[in-house]
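This one's a predicted model, so the numbers in the text were calculated from it and none came from an experiment. Each chain gets a letter, A, B and so on, in the order its sequence line appears, and its residues count up from 1. Side-chain atoms are counted along with the backbone in the values below, which use heavy atoms only and exclude waters and symmetry mates.
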Protein chains: 2
Amino acid sequence: MAEKKLGLQTVKLKNPPSIISTSSIVGPKESEGPLREYFDIKLEDDLFGEKSWEKAESKMVREAVRNAIEKAKLKPQDIDYYFGGDLLNQIISSSFAARELQIPFFGLYGACSTMTESLSLGAMNIDGGYSDYVVAATSSHFCSAERQFRFPLEHGNQRPPTSQWTVTGSGAAVLAKKGNGPYITYVTTGRVMDFGIKDANNMGAAMAPAAADTILRHFKDTGFDAKDYDLIITGDLGKVGRDLTVDLVFKNGYDISSNFTDCGVEIFDLENQDVHAGGSGCGCSAVVFCGYLYNQLLNKNLKKVLLISTGALLSPTSTMQGESIPGIAHGVTIERMG
Amino acid sequence: MAEKKLGLQTVKLKNPPSIISTSSIVGPKESEGPLREYFDIKLEDDLFGEKSWEKAESKMVREAVRNAIEKAKLKPQDIDYYFGGDLLNQIISSSFAARELQIPFFGLYGACSTMTESLSLGAMNIDGGYSDYVVAATSSHFCSAERQFRFPLEHGNQRPPTSQWTVTGSGAAVLAKKGNGPYITYVTTGRVMDFGIKDANNMGAAMAPAAADTILRHFKDTGFDAKDYDLIITGDLGKVGRDLTVDLVFKNGYDISSNFTDCGVEIFDLENQDVHAGGSGCGCSAVVFCGYLYNQLLNKNLKKVLLISTGALLSPTSTMQGESIPGIAHGVTIERMG
């Protein structure tokens with residue numbers, strides 16, 4: 001078996017990369033949510049001075065990446081690779097940001113799992129001896145996502161209780177060969193799982209089987225269980241998917257109920273912010289990690305976290321052609337050491 | 001500097017992975033082209049027994065990956081990671097193939113640069129000690145791509161002379177820690193380059209600056225030049241982009257004119273197959289590499305090849321919003337040794 005491989009889907013990094021800085025940008029609604037104090041830049045306007053939501057989203061990515069690099073006291077030319085992607089067709093938010101940044105670019109598409117996909121590949125890239133610094137980043141925007149995946153906002157359609165609110169935000173993290181942590185120590189890569197959900201307004205249920213599969217796989221591969229973590233947190237399952245995941249994991253012999261939550265549940269006040277089942281989008285786990293969780297790790301309020309961003313792999317075309325919505329979830333262990 | 005890094009954008013692999021098998025599937029038009037004898041599966045019908053072109057494309061990916069794995073005398077569960085992506089919105093061809101294959105999946109979007117993006121990440125993954133076997137795969141389909149990026153075929157619009165013909169095809173390669181080669185020895189990762197081209201029917205010109213940039217960067221980082229290679233071959237620049245690339249590279253001090261060509265020029269008979277400037281699409285460099293080039297490397301007709309798949313980073317939305325079309329190009333050195 002490969003030197004760093006553990007079990008079926010996990011690797012243990014030999015020289016765990018340090019996350020030396022992060023940056024987060026959020027929209028107006030996220031700026032009013034319970035985690036507001038942890039975000040670096042809070043937009044007063046969804047358009048961010050641009051003429052379209054898509055251009056605004058790309059600007060968020062560019063500024064999040066630039067800001068993270070600055071906070072690390074580096075320049076874009078110091079960064080060896082940029083791993084990034086987003087929800088928009090042909091990942092234009094990330095590609096156009098990469099055009100401005102001029103960092104060698106690996107474009108990714110993992111739907112809302114992209115934050116941990118980029119952290120996984122970035123961490124393996126450094127640990128593999130290919131780079132000193134990489135940046136991992138992703139984004140989503142409520143208005144560009146609704147227009148693309150569901151209905152234009154002008155349509156004013158009703159949203160069912162299972163629907164989630166796409167987070168307007170971008171998060172970026174700079175990973176380095178050396179640093180004081182927190183460190184990425186394990187990477188568990190997901191398979192595409194499909195339980196036959198066809199409702200594009202019930203993403204949490206579509207993604208829960210993938211989240212549960214990756215959590216269970218991580219436990220089996222590493223020998224860890226819930227008590228080895230201060231927190232296990234998924235990307236954007238919302239309330240419905242979070243509860244399903246706890247049940248699915250429990251049915252397979254592990255109880256995560258006491259230290260498990262979901263970024264989509266944490267980012268909004270579900271009662272008062274009218275977001276139905278919670279937040280979603282690549283930006284959801286990106287800003288919750290780059291804002292709140294990173295802060296808690298730095299301040300030692302959290303010592304070991306399993307972050308599992310979760311993606312629903314649909315397109316409007318696949319939905320129109322009667323396909324169900326498969327999901328994927330990638331997990332990374334992020335921990336202080338010592 | 002990182003252990004395996006060379007210059008600004010290149011890494012030299014320490015234990016070069018071996019490409020132990022490949023597979024290629026092509027559509028009817030490609031089956032009539034000059035490289036027809038090198039493809040494994042030739043479809044008589046663009047729909048491949050499915051109800052939509054999108055489903056047909058996903059089936060091509062699945063079968064190409066399965067076939068490559070079988071030719072390597074392996075099973076899907078022996079493969080540690082699947083690196084793949086395609087042109088369709090939210091890479092549904094690859095995601096739905098990954099659902100069937102159940103291999104841990106890293107979804108990529110590099111537009112038509114995806115074949116070398118997946119080979120780059122796959123090779124670094126093995127050399128980094130994370131896996132014994134990975135599969136790298138991509139696809140495109142003329143009918144699904146025209147519908148998505150330009151006009152539905154039913155519209156019957158005219159195509160200008162600079163336009164290219166998206167290849168219907170999928171290619172997959174199995175990389176292994178051990179094997180008899182050919183080996184992936186160097187990886188040069190591209191930056192996003194933009195020369196302000198706005199014509200979605202002139203992709204060759206949009207991608208040429210990125211191709212030239214990556215070729216020049218590869219030469220500077222490694223100290224190689226054209227004479228160190230039997231063949232330098234880009235992904236899908238077509239006739240227009242190929243000539244521009246030769247000029248751009250020449251203006252920067254290197255003459256590649258004697259051993260340079262483009263997969264999009266080679267796959268079709270440009271005179272007799274009515275494809276205007278040549279072939280394009282992720283599938284273009286995928287099937288030319290997995291079919292023709294791999295065969296030539298095995299038979300020692302070629303000993304050292306620089307393959308540079310080239311991607312145009314546009315979406316219909318970015319075009320409608322007045323954006324120009326940036327390009328990206330990723331290079332890998334593939335060679336016999338001894």
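Taking the six-membered ring where tryptophan is involved, the planes of A/F105 and A/Y82 are tilted, since the angle between them lies from 30° to 60°.
Judged purely by distance below 3.5 Å, without hydrogens or angles, the side chains of B/S113 and B/S309 never pair a donor atom with an acceptor atom. Defined by atom type and a distance below 3.5 Å, a donor-acceptor pair is present between the side-chain atoms of B/N89 and A/Q90. Checked by atom type, the side-chain pair B/S94/B/D86 shows a donor-acceptor distance below 3.5 Å. At a cut-off of 3.5 Å, with distance as the only test, a side-chain donor of B/T188 or B/T10 sits close to an acceptor on the other residue. B/D127 and A/Y130 are linked by a side-chain donor-acceptor pair at a separation below 3.5 angstrom, with hydrogens and angles left out of the test.
In terms of non-hydrogen atom pairs under 4.5 Å with chain A, the most contact-rich of B/E3, B/R99, B/K12, B/M193 is B/R99. For the set B/S318, B/P316, B/G311, the entry with the most heavy-atom pairs within less than 4.5 Å of chain A is B/S318. With respect to chain B, the highest number of heavy-atom pairs below 4.5 Å among A/G110, A/G190, A/S120 belongs to A/G190. Interface check for chain B: of the options A/E100, A/R217, A/Q102, A/K177, the most heavy-atom pairs under 4.5 Å are formed by A/Q102. Counting heavy-atom pairs under 4.5 Å between each of B/D80, B/L13, B/L88, B/I103 and chain A puts B/D80 at the top. Counting heavy-atom pairs closer than 4.5 Å to chain B, the top-ranked of the candidates A/T189, A/V11, A/T317, A/L121 is A/T189. Of the listed residues (A/P104, A/G128, A/G85), the one with the most heavy-atom contacts under 4.5 Å to chain B is A/P104. Contact count versus chain B (heavy atoms, under 4.5 Å) is highest, among A/N125, A/T214, A/I91, A/I126, for A/I91. The greatest number of non-hydrogen atom pairs below 4.5 Å with chain B, out of A/K5, A/M124, A/H330, is found for A/M124.
Salt bridge absent: B/E323 and B/K198 never bring a charged side-chain N and a carboxylate O closer than 4.0 Å.
For a residue to count as touching a neighbouring chain, one of its non-hydrogen atoms must lie under 4.5 Å from one of that chain's; by this rule A/L108 touches chain B with backbone and side chain alike. For chain A, the nearby part of B/L87 is the backbone; its heavy atoms alone come within less than 4.5 Å. Contacts of A/L101 with chain B are absent, with no heavy-atom separation under 4.5 Å from either backbone or side chain. No part of A/Q77 comes within reach of chain B, as not one of its non-hydrogen atoms sits under 4.5 angstrom from that chain. Only the side chain of A/I328 comes within less than 4.5 Å of a heavy atom in chain B; its backbone stays farther off. Heavy atoms of A/S118 lying under 4.5 Å from chain B are absent altogether. Looking at B/A111, there are no atoms closer than 4.5 Å to chain A (heavy atoms on both sides), in backbone or side chain.
Among A/E57, A/H141, A/K59, the single residue meeting the side-chain contact (heavy atoms from CB on, under 4.5 Å) criterion with A/F48 is A/K59.
With a 4.5 Å cut-off on side-chain heavy atoms, B/E54 and B/R147 count as touching. B/F96 has its side chain out of reach of A/L313: every pair of non-hydrogen atoms, C-beta onward, lies at least 4.5 Å apart.
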